[in-house]
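Just so it is clear, the model here is predicted, and its values are computed rather than measured. Chain identifiers are assigned alphabetically (A, B, ...) following the order of the sequence lines, protein sequences preceding nucleic acid strands; residue numbering begins at 1 within each chain.
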2 protein chains.
Amino acid sequence: MTVRQDVHSAGIPVLCQSCEARHHGVCGALDPDQLVGLAKTSSKHTVEAGVELIGDAEAVDSYANVLSGVVKLMKSLSDGRQQIVGLQFAPDFLGRPFKVESAINAEAATAVSLCSFPKAAIERMMKESPGLEHRLFKQTLNELDDARDWMVTLGRKSASEKLASFLLMIARNIDPTLDPAAQSTSFDLPLTRADIADFLGLTIETVSRQLTRLRSDGVIRIENNRHVIVDSLNRLQRRSGA
Amino acid sequence: MTVRQDVHSAGIPVLCQSCEARHHGVCGALDPDQLVGLAKTSSKHTVEAGVELIGDAEAVDSYANVLSGVVKLMKSLSDGRQQIVGLQFAPDFLGRPFKVESAINAEAATAVSLCSFPKAAIERMMKESPGLEHRLFKQTLNELDDARDWMVTLGRKSASEKLASFLLMIARNIDPTLDPAAQSTSFDLPLTRADIADFLGLTIETVSRQLTRLRSDGVIRIENNRHVIVDSLNRLQRRSGA
DNA sequence: CGGTGGCTTGAAGCTATTCAAGACCTGTGG
DNA sequence: CCACAGGTCTTGAATAGCTTCAAGCCACCG
(Lines give C-alpha, C1' and ligand atoms only; values in the text may rest on other atoms or scores of the structure.)
Protein backbone atom coordinates (compact mmCIF):
# COMPACT_ATOMS: atom_id res chain seq x y z
CA MET A 1 0.00 0.00 0.00
CA THR A 2 1.53 3.28 -1.06
CA VAL A 3 0.58 6.64 0.30
CA ARG A 4 -0.81 7.51 -3.06
CA GLN A 5 -3.35 4.73 -2.92
CA ASP A 6 -4.38 5.69 0.59
CA VAL A 7 -5.09 9.18 -0.51
CA HIS A 8 -7.23 7.99 -3.33
CA SER A 9 -9.11 5.35 -1.41
CA ALA A 10 -10.29 8.15 0.80
CA GLY A 11 -11.17 10.14 -2.29
CA ILE A 12 -14.27 8.34 -3.40
CA PRO A 13 -16.78 10.96 -4.51
CA VAL A 14 -19.63 11.69 -2.13
CA LEU A 15 -22.05 10.94 -4.95
CA CYS A 16 -20.74 7.39 -5.17
CA GLN A 17 -20.12 6.57 -1.55
CA SER A 18 -23.37 4.82 -0.81
CA CYS A 19 -24.12 3.83 -4.37
CA GLU A 20 -25.04 0.28 -5.10
CA ALA A 21 -23.68 0.56 -8.64
CA ARG A 22 -20.22 1.07 -7.22
CA HIS A 23 -20.38 -2.32 -5.54
CA HIS A 24 -22.40 -4.45 -7.89
CA GLY A 25 -22.76 -2.35 -11.00
CA VAL A 26 -20.39 -1.17 -13.66
CA CYS A 27 -18.75 1.47 -11.45
CA GLY A 28 -17.17 -1.33 -9.45
CA ALA A 29 -14.69 -1.66 -12.31
CA LEU A 30 -13.37 1.85 -11.80
CA ASP A 31 -10.60 2.95 -9.46
CA PRO A 32 -11.04 6.00 -7.24
CA ASP A 33 -9.28 8.24 -9.78
CA GLN A 34 -11.70 7.31 -12.50
CA LEU A 35 -14.64 7.51 -10.15
CA VAL A 36 -13.71 11.10 -9.35
CA GLY A 37 -13.45 11.91 -13.04
CA LEU A 38 -16.77 10.32 -13.83
CA ALA A 39 -18.56 11.80 -10.85
CA LYS A 40 -17.72 15.29 -12.09
CA THR A 41 -19.90 14.83 -15.13
CA SER A 42 -22.58 12.59 -13.69
CA SER A 43 -25.79 13.45 -11.93
CA LYS A 44 -28.65 11.79 -10.10
CA HIS A 45 -32.23 12.20 -11.25
CA THR A 46 -35.55 10.83 -10.20
CA VAL A 47 -38.37 10.43 -12.65
CA GLU A 48 -42.02 9.45 -12.35
CA ALA A 49 -43.57 6.31 -13.74
CA GLY A 50 -44.35 6.73 -17.42
CA VAL A 51 -41.51 9.08 -18.31
CA GLU A 52 -39.71 8.18 -21.50
CA LEU A 53 -35.98 7.81 -20.95
CA ILE A 54 -34.80 6.85 -24.41
CA GLY A 55 -36.95 7.42 -27.44
CA ASP A 56 -37.03 5.10 -30.40
CA ALA A 57 -34.69 6.23 -33.18
CA GLU A 58 -33.53 9.10 -31.04
CA ALA A 59 -29.86 10.00 -30.74
CA VAL A 60 -28.56 8.88 -27.36
CA ASP A 61 -25.92 11.02 -25.76
CA SER A 62 -25.91 9.64 -22.27
CA TYR A 63 -25.83 6.40 -20.36
CA ALA A 64 -27.11 5.75 -16.87
CA ASN A 65 -27.13 3.37 -13.96
CA VAL A 66 -30.51 2.40 -12.57
CA LEU A 67 -30.35 3.08 -8.82
CA SER A 68 -33.90 2.14 -7.91
CA GLY A 69 -37.18 1.38 -9.63
CA VAL A 70 -37.84 -0.53 -12.83
CA VAL A 71 -37.24 0.53 -16.42
CA LYS A 72 -39.03 -1.21 -19.28
CA LEU A 73 -37.41 -1.63 -22.69
CA MET A 74 -40.00 -1.63 -25.44
CA LYS A 75 -40.26 -2.12 -29.15
CA SER A 76 -43.25 -1.36 -31.26
CA LEU A 77 -44.58 -2.15 -34.69
CA SER A 78 -45.76 0.50 -37.09
CA ASP A 79 -49.41 -0.18 -36.32
CA GLY A 80 -48.93 0.40 -32.60
CA ARG A 81 -48.58 -3.14 -31.30
CA GLN A 82 -46.00 -3.14 -28.52
CA GLN A 83 -43.70 -5.66 -26.94
CA ILE A 84 -41.62 -5.18 -23.81
CA VAL A 85 -38.27 -6.81 -24.56
CA GLY A 86 -36.58 -6.36 -21.23
CA LEU A 87 -36.80 -4.94 -17.74
CA GLN A 88 -33.95 -3.26 -15.95
CA PHE A 89 -33.54 -3.23 -12.20
CA ALA A 90 -30.89 -1.64 -9.99
CA PRO A 91 -27.97 -1.63 -10.53
CA ASP A 92 -28.29 -2.31 -14.26
CA PHE A 93 -26.58 -0.15 -16.81
CA LEU A 94 -28.91 1.53 -19.27
CA GLY A 95 -27.81 2.26 -22.82
CA ARG A 96 -26.61 0.58 -25.96
CA PRO A 97 -22.85 1.07 -26.45
CA PHE A 98 -21.39 1.61 -29.94
CA LYS A 99 -24.55 2.76 -31.64
CA VAL A 100 -25.62 6.28 -32.33
CA GLU A 101 -29.26 5.55 -32.12
CA SER A 102 -31.23 3.05 -30.23
CA ALA A 103 -33.87 0.86 -31.82
CA ILE A 104 -35.66 0.57 -28.56
CA ASN A 105 -37.64 2.72 -26.28
CA ALA A 106 -36.91 2.92 -22.56
CA GLU A 107 -39.57 4.09 -20.16
CA ALA A 108 -39.84 4.28 -16.39
CA ALA A 109 -42.28 1.57 -15.28
CA THR A 110 -42.25 2.82 -11.69
CA ALA A 111 -40.67 5.87 -10.14
CA VAL A 112 -37.02 5.49 -11.06
CA SER A 113 -33.81 7.06 -9.85
CA LEU A 114 -30.88 7.17 -12.19
CA CYS A 115 -27.27 8.22 -12.20
CA SER A 116 -26.44 9.36 -15.69
CA PHE A 117 -23.21 10.26 -17.45
CA PRO A 118 -22.34 11.62 -20.85
CA LYS A 119 -21.83 8.93 -23.45
CA ALA A 120 -18.37 10.25 -24.28
CA ALA A 121 -17.07 9.90 -20.73
CA ILE A 122 -18.03 6.23 -20.58
CA GLU A 123 -16.60 5.48 -23.97
CA ARG A 124 -13.33 7.12 -23.08
CA MET A 125 -13.07 5.13 -19.85
CA MET A 126 -13.94 1.96 -21.67
CA LYS A 127 -10.85 2.44 -23.80
CA GLU A 128 -8.66 3.22 -20.80
CA SER A 129 -9.79 0.47 -18.52
CA PRO A 130 -10.64 -2.92 -19.98
CA GLY A 131 -12.31 -3.84 -16.71
CA LEU A 132 -15.20 -1.54 -17.48
CA GLU A 133 -15.80 -2.99 -20.91
CA HIS A 134 -15.56 -6.42 -19.34
CA ARG A 135 -18.34 -5.64 -16.88
CA LEU A 136 -20.55 -4.26 -19.59
CA PHE A 137 -19.85 -7.33 -21.68
CA LYS A 138 -20.93 -9.55 -18.82
CA GLN A 139 -24.12 -7.60 -18.26
CA THR A 140 -24.85 -7.87 -21.96
CA LEU A 141 -24.31 -11.63 -21.87
CA ASN A 142 -26.76 -11.86 -18.99
CA GLU A 143 -29.30 -9.76 -20.85
CA LEU A 144 -28.89 -12.06 -23.83
CA ASP A 145 -29.50 -15.11 -21.64
CA ASP A 146 -32.59 -13.43 -20.20
CA ALA A 147 -33.87 -12.49 -23.65
CA ARG A 148 -33.47 -16.04 -24.87
CA ASP A 149 -35.20 -17.46 -21.82
CA TRP A 150 -38.03 -15.09 -22.51
CA MET A 151 -38.23 -16.18 -26.15
CA VAL A 152 -39.10 -19.66 -24.90
CA THR A 153 -41.82 -18.19 -22.73
CA LEU A 154 -43.22 -16.10 -25.58
CA GLY A 155 -43.04 -18.82 -28.18
CA ARG A 156 -43.95 -21.95 -26.32
CA LYS A 157 -45.80 -21.34 -23.08
CA SER A 158 -49.53 -21.06 -22.47
CA ALA A 159 -51.06 -17.92 -21.00
CA SER A 160 -51.16 -19.37 -17.49
CA GLU A 161 -47.56 -20.56 -17.70
CA LYS A 162 -46.57 -17.13 -18.92
CA LEU A 163 -48.14 -15.47 -15.90
CA ALA A 164 -46.51 -17.88 -13.47
CA SER A 165 -43.12 -17.37 -15.14
CA PHE A 166 -43.58 -13.64 -14.99
CA LEU A 167 -44.39 -13.60 -11.30
CA LEU A 168 -41.40 -15.79 -10.52
CA MET A 169 -39.11 -13.55 -12.55
CA ILE A 170 -40.35 -10.45 -10.77
CA ALA A 171 -40.07 -12.04 -7.35
CA ARG A 172 -36.45 -12.92 -8.03
CA ASN A 173 -35.53 -9.50 -9.40
CA ILE A 174 -37.35 -7.24 -6.98
CA ASP A 175 -35.52 -8.76 -4.07
CA PRO A 176 -32.15 -10.09 -5.22
CA THR A 177 -31.41 -11.25 -1.70
CA LEU A 178 -34.34 -13.66 -1.83
CA ASP A 179 -33.09 -17.08 -0.84
CA PRO A 180 -33.53 -19.36 -3.87
CA ALA A 181 -34.83 -21.99 -1.50
CA ALA A 182 -37.33 -19.63 0.15
CA GLN A 183 -40.91 -20.84 0.23
CA SER A 184 -42.83 -17.59 0.27
CA THR A 185 -42.42 -13.97 -0.64
CA SER A 186 -44.41 -10.87 -1.46
CA PHE A 187 -43.85 -7.81 -3.59
CA ASP A 188 -45.50 -4.93 -5.41
CA LEU A 189 -45.91 -5.50 -9.11
CA PRO A 190 -43.83 -2.89 -10.89
CA LEU A 191 -46.03 -3.14 -13.99
CA THR A 192 -49.64 -2.42 -14.78
CA ARG A 193 -51.80 -5.13 -16.34
CA ALA A 194 -51.28 -3.45 -19.70
CA ASP A 195 -47.50 -3.62 -19.26
CA ILE A 196 -47.66 -7.24 -18.21
CA ALA A 197 -49.69 -7.96 -21.34
CA ASP A 198 -47.07 -6.23 -23.49
CA PHE A 199 -44.37 -8.21 -21.77
CA LEU A 200 -46.05 -11.58 -22.20
CA GLY A 201 -47.49 -11.10 -25.67
CA LEU A 202 -51.06 -11.32 -24.38
CA THR A 203 -54.03 -9.01 -24.01
CA ILE A 204 -54.84 -7.20 -20.79
CA GLU A 205 -58.00 -9.27 -20.37
CA THR A 206 -56.11 -12.54 -20.58
CA VAL A 207 -53.61 -11.30 -18.02
CA SER A 208 -56.43 -10.40 -15.69
CA ARG A 209 -58.20 -13.72 -16.14
CA GLN A 210 -55.05 -15.73 -15.51
CA LEU A 211 -54.26 -13.74 -12.38
CA THR A 212 -57.75 -14.39 -11.02
CA ARG A 213 -57.28 -18.04 -11.83
CA LEU A 214 -54.02 -18.20 -9.91
CA ARG A 215 -55.77 -16.38 -7.09
CA SER A 216 -58.80 -18.65 -6.93
CA ASP A 217 -56.52 -21.68 -7.12
CA GLY A 218 -54.82 -20.36 -4.00
CA VAL A 219 -51.40 -20.00 -5.60
CA ILE A 220 -51.22 -16.27 -4.98
CA ARG A 221 -53.08 -13.60 -3.08
CA ILE A 222 -53.48 -10.06 -4.42
CA GLU A 223 -54.05 -6.91 -2.38
CA ASN A 224 -54.92 -3.53 -3.88
CA ASN A 225 -54.35 -4.87 -7.39
CA ARG A 226 -50.62 -4.44 -7.10
CA HIS A 227 -49.37 -6.30 -4.06
CA VAL A 228 -48.80 -9.99 -4.65
CA ILE A 229 -48.27 -12.58 -1.92
CA VAL A 230 -46.87 -15.96 -2.88
CA ASP A 231 -47.21 -18.58 -0.17
CA SER A 232 -45.64 -21.40 -2.10
CA LEU A 233 -43.02 -20.51 -4.65
CA ASN A 234 -42.86 -24.21 -5.47
CA ARG A 235 -46.47 -24.32 -6.58
CA LEU A 236 -45.91 -21.24 -8.68
CA GLN A 237 -42.84 -22.80 -10.25
CA ARG A 238 -44.73 -25.96 -11.07
CA ARG A 239 -47.15 -23.84 -13.08
CA SER A 240 -44.45 -22.01 -14.97
CA GLY A 241 -43.69 -24.78 -17.44
CA ALA A 242 -39.95 -24.49 -16.61
CA MET B 1 7.63 -1.02 -40.80
CA THR B 2 10.19 -3.07 -38.96
CA VAL B 3 11.69 -6.28 -40.26
CA ARG B 4 9.99 -8.10 -37.47
CA GLN B 5 6.57 -7.04 -38.67
CA ASP B 6 7.34 -8.04 -42.22
CA VAL B 7 8.31 -11.48 -41.12
CA HIS B 8 5.14 -11.92 -39.23
CA SER B 9 2.85 -10.49 -41.85
CA ALA B 10 4.07 -13.21 -44.11
CA GLY B 11 3.54 -15.70 -41.32
CA ILE B 12 -0.22 -15.99 -41.34
CA PRO B 13 -1.07 -19.66 -40.79
CA VAL B 14 -2.16 -21.63 -43.84
CA LEU B 15 -5.28 -22.61 -41.96
CA CYS B 16 -6.33 -18.97 -41.70
CA GLN B 17 -5.20 -17.61 -45.02
CA SER B 18 -8.48 -17.88 -46.85
CA CYS B 19 -10.69 -17.82 -43.80
CA GLU B 20 -13.59 -15.46 -43.71
CA ALA B 21 -13.44 -15.27 -39.92
CA ARG B 22 -10.05 -13.64 -40.20
CA HIS B 23 -11.55 -10.78 -42.15
CA HIS B 24 -15.02 -10.37 -40.72
CA GLY B 25 -15.03 -12.60 -37.66
CA VAL B 26 -13.33 -12.48 -34.32
CA CYS B 27 -9.95 -13.56 -35.68
CA GLY B 28 -9.67 -10.18 -37.35
CA ALA B 29 -8.77 -8.80 -33.94
CA LEU B 30 -5.65 -10.92 -33.70
CA ASP B 31 -2.20 -10.06 -34.96
CA PRO B 32 -0.18 -12.62 -36.93
CA ASP B 33 1.66 -13.72 -33.78
CA GLN B 34 -1.54 -14.57 -32.02
CA LEU B 35 -3.01 -16.14 -35.11
CA VAL B 36 -0.05 -18.52 -35.26
CA GLY B 37 -0.49 -19.39 -31.60
CA LEU B 38 -4.18 -20.01 -31.98
CA ALA B 39 -3.86 -21.94 -35.22
CA LYS B 40 -1.64 -24.46 -33.45
CA THR B 41 -4.48 -25.60 -31.26
CA SER B 42 -7.38 -25.10 -33.65
CA SER B 43 -8.86 -27.40 -36.22
CA LYS B 44 -11.45 -27.44 -38.96
CA HIS B 45 -14.35 -29.87 -38.90
CA THR B 46 -17.35 -30.49 -41.03
CA VAL B 47 -20.50 -31.96 -39.57
CA GLU B 48 -23.78 -33.16 -41.05
CA ALA B 49 -27.15 -31.55 -40.47
CA GLY B 50 -28.61 -32.70 -37.17
CA VAL B 51 -25.37 -33.13 -35.27
CA GLU B 52 -25.42 -31.70 -31.77
CA LEU B 53 -22.57 -29.26 -31.22
CA ILE B 54 -23.24 -28.17 -27.68
CA GLY B 55 -25.47 -30.14 -25.38
CA ASP B 56 -27.73 -28.55 -22.82
CA ALA B 57 -26.11 -28.43 -19.37
CA GLU B 58 -22.97 -29.94 -20.79
CA ALA B 59 -19.56 -28.61 -19.89
CA VAL B 60 -18.18 -26.65 -22.80
CA ASP B 61 -14.47 -26.80 -23.36
CA SER B 62 -14.18 -25.32 -26.79
CA TYR B 63 -15.35 -22.41 -28.88
CA ALA B 64 -15.66 -22.24 -32.64
CA ASN B 65 -16.15 -20.02 -35.64
CA VAL B 66 -18.87 -20.96 -38.04
CA LEU B 67 -17.25 -21.08 -41.48
CA SER B 68 -20.27 -22.17 -43.50
CA GLY B 69 -23.72 -23.54 -42.92
CA VAL B 70 -26.25 -22.64 -40.27
CA VAL B 71 -26.26 -23.52 -36.57
CA LYS B 72 -29.49 -23.39 -34.56
CA LEU B 73 -29.47 -22.46 -30.88
CA MET B 74 -32.29 -24.17 -29.02
CA LYS B 75 -33.86 -24.26 -25.63
CA SER B 76 -36.37 -26.75 -24.43
CA LEU B 77 -38.86 -27.17 -21.64
CA SER B 78 -38.98 -30.24 -19.46
CA ASP B 79 -41.96 -31.65 -21.35
CA GLY B 80 -40.15 -31.50 -24.67
CA ARG B 81 -41.49 -28.29 -26.15
CA GLN B 82 -38.70 -26.56 -28.03
CA GLN B 83 -37.85 -23.05 -29.09
CA ILE B 84 -35.05 -21.99 -31.38
CA VAL B 85 -33.59 -18.84 -29.82
CA GLY B 86 -31.05 -17.94 -32.45
CA LEU B 87 -29.38 -18.90 -35.70
CA GLN B 88 -25.71 -18.52 -36.41
CA PHE B 89 -24.25 -17.96 -39.84
CA ALA B 90 -20.64 -17.58 -40.99
CA PRO B 91 -18.54 -16.02 -39.60
CA ASP B 92 -20.28 -16.01 -36.21
CA PHE B 93 -18.51 -17.08 -33.09
CA LEU B 94 -20.11 -19.98 -31.29
CA GLY B 95 -19.93 -20.33 -27.54
CA ARG B 96 -20.84 -18.56 -24.35
CA PRO B 97 -17.83 -16.93 -22.70
CA PHE B 98 -17.45 -16.91 -18.91
CA LYS B 99 -19.75 -19.79 -18.12
CA VAL B 100 -18.80 -23.35 -17.49
CA GLU B 101 -21.99 -24.76 -18.82
CA SER B 102 -24.34 -23.59 -21.44
CA ALA B 103 -28.07 -23.40 -20.90
CA ILE B 104 -28.63 -23.85 -24.58
CA ASN B 105 -28.29 -26.51 -27.12
CA ALA B 106 -26.51 -25.91 -30.42
CA GLU B 107 -27.20 -28.13 -33.39
CA ALA B 108 -26.18 -28.06 -37.04
CA ALA B 109 -29.25 -27.09 -39.06
CA THR B 110 -27.47 -27.74 -42.35
CA ALA B 111 -24.07 -29.22 -43.07
CA VAL B 112 -21.73 -26.97 -41.14
CA SER B 113 -18.02 -26.37 -41.19
CA LEU B 114 -16.38 -25.07 -38.08
CA CYS B 115 -12.99 -23.93 -36.90
CA SER B 116 -12.77 -24.75 -33.22
CA PHE B 117 -10.30 -23.86 -30.49
CA PRO B 118 -9.88 -24.83 -26.87
CA LYS B 119 -11.76 -22.56 -24.50
CA ALA B 120 -8.62 -21.82 -22.54
CA ALA B 121 -6.74 -20.48 -25.56
CA ILE B 122 -9.46 -17.96 -26.34
CA GLU B 123 -9.80 -16.85 -22.76
CA ARG B 124 -6.09 -16.30 -22.47
CA MET B 125 -6.03 -14.24 -25.65
CA MET B 126 -9.01 -12.27 -24.48
CA LYS B 127 -6.98 -11.12 -21.51
CA GLU B 128 -3.97 -10.27 -23.62
CA SER B 129 -5.68 -8.42 -26.39
CA PRO B 130 -8.66 -6.25 -25.57
CA GLY B 131 -9.49 -6.08 -29.27
CA LEU B 132 -10.67 -9.68 -29.17
CA GLU B 133 -12.98 -9.13 -26.24
CA HIS B 134 -14.24 -6.03 -27.97
CA ARG B 135 -15.21 -7.99 -31.08
CA LEU B 136 -16.96 -10.61 -29.04
CA PHE B 137 -18.76 -7.87 -27.15
CA LYS B 138 -19.98 -6.38 -30.40
CA GLN B 139 -21.20 -9.71 -31.69
CA THR B 140 -23.03 -10.24 -28.42
CA LEU B 141 -24.68 -6.84 -28.69
CA ASN B 142 -25.85 -7.74 -32.18
CA GLU B 143 -27.20 -11.06 -30.97
CA LEU B 144 -29.05 -9.21 -28.23
CA ASP B 145 -30.58 -6.84 -30.78
CA ASP B 146 -31.61 -9.81 -32.90
CA ALA B 147 -33.10 -11.63 -29.92
CA ARG B 148 -35.14 -8.59 -28.98
CA ASP B 149 -36.37 -8.12 -32.52
CA TRP B 150 -37.44 -11.70 -32.47
CA MET B 151 -39.27 -11.27 -29.18
CA VAL B 152 -41.54 -8.77 -30.95
CA THR B 153 -42.17 -11.31 -33.68
CA LEU B 154 -42.92 -14.08 -31.20
CA GLY B 155 -45.07 -11.98 -28.93
CA ARG B 156 -46.99 -9.74 -31.26
CA LYS B 157 -47.11 -10.98 -34.82
CA SER B 158 -49.66 -13.24 -36.48
CA ALA B 159 -48.65 -16.54 -38.04
CA SER B 160 -48.49 -15.08 -41.54
CA GLU B 161 -46.46 -12.09 -40.37
CA LYS B 162 -44.11 -14.49 -38.61
CA LEU B 163 -43.51 -16.44 -41.80
CA ALA B 164 -42.89 -13.30 -43.84
CA SER B 165 -40.47 -11.97 -41.19
CA PHE B 166 -38.68 -15.29 -41.12
CA LEU B 167 -38.20 -15.43 -44.88
CA LEU B 168 -36.88 -11.87 -44.92
CA MET B 169 -34.46 -12.60 -42.11
CA ILE B 170 -33.15 -15.69 -43.87
CA ALA B 171 -32.82 -13.89 -47.19
CA ARG B 172 -30.71 -11.19 -45.56
CA ASN B 173 -28.49 -13.62 -43.66
CA ILE B 174 -27.91 -16.26 -46.30
CA ASP B 175 -26.50 -13.71 -48.67
CA PRO B 176 -24.98 -10.84 -46.68
CA THR B 177 -24.02 -9.13 -49.92
CA LEU B 178 -27.68 -8.80 -50.89
CA ASP B 179 -28.34 -5.19 -51.79
CA PRO B 180 -30.85 -3.86 -49.23
CA ALA B 181 -32.64 -2.18 -52.14
CA ALA B 182 -32.75 -5.37 -54.22
CA GLN B 183 -36.16 -6.38 -55.48
CA SER B 184 -35.80 -10.11 -55.78
CA THR B 185 -33.72 -12.97 -54.46
CA SER B 186 -33.76 -16.70 -53.97
CA PHE B 187 -32.24 -19.12 -51.49
CA ASP B 188 -32.44 -22.57 -50.00
CA LEU B 189 -34.18 -22.71 -46.65
CA PRO B 190 -31.62 -23.86 -44.08
CA LEU B 191 -34.38 -25.20 -41.83
CA THR B 192 -37.02 -27.89 -42.09
CA ARG B 193 -40.68 -27.03 -41.49
CA ALA B 194 -40.32 -28.43 -37.99
CA ASP B 195 -37.35 -26.14 -37.31
CA ILE B 196 -39.21 -23.15 -38.68
CA ALA B 197 -42.10 -23.99 -36.38
CA ASP B 198 -39.74 -24.16 -33.42
CA PHE B 199 -38.27 -20.86 -34.41
CA LEU B 200 -41.59 -19.06 -34.82
CA GLY B 201 -43.45 -20.60 -31.92
CA LEU B 202 -45.94 -22.30 -34.23
CA THR B 203 -46.83 -25.84 -35.27
CA ILE B 204 -45.48 -27.47 -38.37
CA GLU B 205 -48.97 -27.50 -39.90
CA THR B 206 -49.41 -23.77 -39.44
CA VAL B 207 -46.01 -23.13 -41.03
CA SER B 208 -47.00 -25.26 -44.00
CA ARG B 209 -50.37 -23.56 -44.40
CA GLN B 210 -48.88 -20.07 -44.25
CA LEU B 211 -46.23 -20.97 -46.80
CA THR B 212 -48.89 -22.27 -49.19
CA ARG B 213 -50.83 -19.07 -48.62
CA LEU B 214 -47.81 -16.92 -49.48
CA ARG B 215 -47.30 -19.12 -52.49
CA SER B 216 -50.88 -18.97 -53.77
CA ASP B 217 -50.88 -15.21 -53.20
CA GLY B 218 -47.89 -15.02 -55.54
CA VAL B 219 -45.53 -13.54 -52.95
CA ILE B 220 -43.09 -16.44 -53.14
CA ARG B 221 -42.45 -19.49 -55.27
CA ILE B 222 -41.18 -22.75 -53.80
CA GLU B 223 -39.25 -25.45 -55.62
CA ASN B 224 -38.47 -28.86 -54.16
CA ASN B 225 -39.84 -27.81 -50.77
CA ARG B 226 -36.63 -26.03 -49.89
CA HIS B 227 -35.79 -23.50 -52.57
CA VAL B 228 -37.62 -20.21 -52.17
CA ILE B 229 -37.84 -17.52 -54.84
CA VAL B 230 -38.95 -14.05 -53.84
CA ASP B 231 -39.86 -11.84 -56.74
CA SER B 232 -40.83 -8.83 -54.71
CA LEU B 233 -39.06 -8.33 -51.42
CA ASN B 234 -41.27 -5.28 -50.94
CA ARG B 235 -44.45 -7.33 -50.98
CA LEU B 236 -42.90 -9.74 -48.52
CA GLN B 237 -41.88 -6.90 -46.27
CA ARG B 238 -45.37 -5.44 -46.34
CA ARG B 239 -46.65 -8.73 -44.98
CA SER B 240 -44.08 -8.90 -42.20
CA GLY B 241 -45.76 -6.40 -39.92
CA ALA B 242 -42.47 -4.42 -39.87
C1' DC C 1 -41.48 -51.97 -54.78
C1' DG C 2 -42.40 -50.94 -49.98
C1' DG C 3 -40.89 -47.97 -46.49
C1' DT C 4 -39.51 -43.78 -44.39
C1' DG C 5 -39.19 -38.84 -43.52
C1' DG C 6 -40.71 -34.49 -44.74
C1' DC C 7 -44.51 -31.95 -46.22
C1' DT C 8 -49.46 -30.73 -47.22
C1' DT C 9 -54.37 -30.66 -46.50
C1' DG C 10 -58.86 -31.18 -44.09
C1' DA C 11 -62.07 -31.08 -40.13
C1' DA C 12 -62.87 -30.44 -35.30
C1' DG C 13 -61.59 -28.39 -31.06
C1' DC C 14 -59.65 -25.20 -27.93
C1' DT C 15 -57.25 -21.08 -26.36
C1' DA C 16 -56.71 -16.50 -26.42
C1' DT C 17 -58.80 -12.34 -28.47
C1' DT C 18 -62.38 -9.07 -29.24
C1' DC C 19 -66.13 -6.45 -27.93
C1' DA C 20 -68.93 -4.88 -24.31
C1' DA C 21 -70.23 -3.88 -19.73
C1' DG C 22 -69.59 -3.29 -15.04
C1' DA C 23 -66.71 -3.05 -10.61
C1' DC C 24 -63.21 -0.92 -8.03
C1' DC C 25 -60.02 2.41 -6.43
C1' DT C 26 -58.33 7.28 -5.96
C1' DG C 27 -58.44 11.84 -6.01
C1' DT C 28 -61.35 16.17 -6.55
C1' DG C 29 -64.86 19.36 -5.56
C1' DG C 30 -69.15 20.25 -3.55
C1' DC D 1 -68.90 13.55 4.36
C1' DC D 2 -70.65 12.22 -0.11
C1' DA D 3 -70.90 12.47 -5.16
C1' DC D 4 -68.55 12.05 -9.22
C1' DA D 5 -65.01 11.57 -12.76
C1' DG D 6 -61.21 8.99 -14.66
C1' DG D 7 -58.25 5.66 -14.39
C1' DT D 8 -57.39 0.56 -13.89
C1' DC D 9 -58.98 -3.80 -13.50
C1' DT D 10 -62.39 -7.70 -13.86
C1' DT D 11 -65.90 -10.45 -15.97
C1' DG D 12 -68.96 -12.30 -19.64
C1' DA D 13 -70.23 -13.81 -24.34
C1' DA D 14 -69.06 -14.37 -29.04
C1' DT D 15 -65.46 -14.93 -32.41
C1' DA D 16 -61.13 -15.80 -34.76
C1' DG D 17 -56.88 -18.07 -35.24
C1' DC D 18 -53.99 -21.54 -34.21
C1' DT D 19 -53.59 -26.32 -32.77
C1' DT D 20 -54.77 -31.10 -32.76
C1' DC D 21 -55.82 -35.19 -34.84
C1' DA D 22 -56.03 -37.75 -38.94
C1' DA D 23 -55.12 -38.75 -43.81
C1' DG D 24 -52.74 -38.56 -47.79
C1' DC D 25 -48.97 -36.95 -50.95
C1' DC D 26 -44.27 -36.80 -52.69
C1' DA D 27 -39.41 -37.68 -53.19
C1' DC D 28 -35.81 -40.46 -51.94
C1' DC D 29 -33.50 -44.92 -50.78
C1' DG D 30 -32.99 -49.38 -49.64
| Contact list for residues 172-198 of chain B, test ring pair (Phe, Tyr, Trp, His ring centres under 6.0 Å), sequence neighbours left out | none
| request: Check DNA chain D against residues 194-205 of chain A and give the residues with a non-hydrogen atom under 4.0 Å, in numerical order. | output: E205(A)
| Check: R135(A) side chain, G25(A) main-chain N or O, donor-acceptor pair, under 3.5 Å | yes
| query | Would a distance-only check, ignoring hydrogens and angles, find a side-chain to backbone donor-acceptor pair under 3.5 Å from Q83(A) to D198(A)? | reply | yes
| request: Please determine which of L233(B), L163(B), L236(B) meets the side-chain contact (heavy atoms from CB on, under 4.5 Å) test together with V219(B). | output: L236(B)
| message | Expressed as a whole number of angstroms, how long is the span from R215(B):CZ to dT8(C):C1'? | response | 9 Å
| field | L168(A)/V230(A) under side chain to side chain contact (heavy atoms under 4.5 Å, CB included): CA gap, chis, key distance, verdict | value | CA-CA 9 Å; L168(A) 278 174; V230(A) 185; over 6 Å; no
| By side chain to side chain donor-acceptor pair (under 3.5 Å), which residues pair with D79(A), not counting sequence neighbours? | R81(A)
| query | Can any side-chain N or O of Q139(B) pair as donor or acceptor with the backbone N or O of F93(B) at less than 3.5 Å? | reply | yes
| query | Residues in side chain to side chain donor-acceptor pair (under 3.5 Å) with S165(A), at least two apart? | reply | K157(A)
| remark: Sorted by chain and residue number, the side chain to side chain contact (heavy atoms under 4.5 Å, CB included) partners of S43(B) (sequence neighbours excluded) come out as H45(B), S116(B)
| Think T212(A) has a side-chain N or O under 4.0 angstrom from the OP1 or OP2 of dT10(D)? | no
| field | Nearest-Å distance for atom pair CZ/P, residues R193(A) and dA16(C) | value | 18 Å
| request: Report the C-alpha separation of D149(B) and K75(A) in whole Å, then their side-chain angles, then the decisive distance to 0.1 Å, and conclude whether the side chain to side chain contact (heavy atoms under 4.5 Å, CB included) test is met. | output: CA-CA 8 Å; D149(B) 275 342; K75(A) 276 179 168 271; 2.6 Å; yes
| field | Counterpart residues, side chain to side chain donor-acceptor pair (under 3.5 Å), relative to T140(B) (two or more places apart) | value | none
| task | Considering only NZ, NE, NH1 and NH2 on the basic side and carboxylate oxygens on the acidic side, decide whether D217(A) and R239(A) come within less than 4.0 Å. | result | yes
| field | L200(A) to K162(A) - nearest heavy-atom pair and separation | value | O-NZ, 3.0 Å
| Residues within residues 150-169 of chain B bordering DNA chain C, heavy-atom distance below 4.0 Å | none
| message | Does T206(B) reach a base, just sugar-phosphate, or nothing at all? Heavy atoms under 4.0 Å. | response | base
| dC7(C) P sits how many Å from D188(B) CG, rounded? | 13 Å
| field | Under the side chain to side chain contact (heavy atoms under 4.5 Å, CB included) test, residues paired with E107(B) that sit two or more places apart | value | K72(B), M74(B)
Could you go through nucleotides 13-16 of chain D and list every protein N or O atom that sits under 3.5 Å from one of its N or O atoms, giving the distance for each pair?
unit_1: dA13(D); atom_1: N6; unit_2: R209(A); atom_2: NH2; d: 3.4

| note | 5'-most contact on DNA chain C (nearest-nucleotide basis), Q210(A) vs S208(B), goes to S208(B)
| All side chain to side chain donor-acceptor pair (under 3.5 Å) counterparts of D145(A), not counting sequence neighbours | R96(B), K99(B)
| remark: Double-helix bend of the helix from dC1(C)-dG30(D) to dG30(C)-dC1(D), axes at both ends from 5 pairs, round to 10°, gives 20°
| field | DNA chain C-proximal residues of residues 218-231 of chain B, any heavy atom under 4.0 Å | value | N225(B), R226(B)
| query | So do the side chains of I170(A) and F166(A) get within less than 4.5 Å of each other, counting heavy atoms only? | reply | yes
